Amino acid sequence: MAAEHRLIENVVKALGRVAIDVGKGRPVDASMLSTAVEFLRLYADTLHHGKEETFFFPVLVKRGVPAKGCPIEGLNHEHEKGRVLVQALAEHTSAYQRGQPEAPEALRQTLRGLLDLYQSHIWKEDAMVFPMADRILTADDQQELSAQFVVVDRAVGLDTIARLEGFARSLSSTALAPRPSQPAACHCGG
Ligand SMILES: [Fe+2]
Ligand SMILES: [Fe+2]
């Protein structure tokens, strides 16, 4: 799961760099954006969020984490926000390709929104949820999750996963925005 986060981060950081280019009026590579949409739909959402929503969050609930409130409800809500932004990215990319005058600014805002949402979301899971899971899940839980994740991988398709991971790795991983320094509290998405 953490390895998937690194690749998702790679893609959204690249989108953040495209946002800067669009803001400066530089031409952007629409085919890269189309592949990023595919990556975010299939890899970040169907595969990664699928594992979290179908198996990982439910086992946390089984071990006593509340299903409502922080952190699970907030994280699920952020997955929803991500879907809306990815749909907007697909639409604004196509409008940009058609040369619509308002498309660059809409595209820039959506790219920036995706970077901000995913960086913060991934940070919450890495810094708070995964360490909590390591404390409360049993060895059997972990083993069962691993087996369930393999089923999700197969459903998405190992070739598709390898192709999308190759795309994510092909993007330079230059950091754009620093991560929050510490979790002052449980900041759930609103
Ligand atoms: Fe998540
Ligand atoms: Fe995640």
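Numbering of ligands and ligand atoms starts at 1, following listing order. Note that the structure is predicted; figures quoted are calculated from it, not measured.
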Distance-only side-chain donor-acceptor flag, [X] / [Y], under 3.5 Å:
| X | Y | value |
| --- | --- | --- |
| Asp45 | His79 | no |
| His48 | Glu52 | yes |
| Asp29 | Ser31 | yes |
| His121 | Glu125 | yes |
| Tyr43 | Glu165 | yes |

#### Entry: Under 2.8 Å from the Fe ion (ligand 1) - protein N/O/S, by chain and number
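Listed by chain and number, the atoms are Glu52 OE1, His79 NE2, His121 NE2, Glu125 OE2.
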### Task
Please work out whether the ring planes of Phe39 and Phe167 are parallel, tilted or perpendicular, with thresholds of 30° and 60°.
tilted
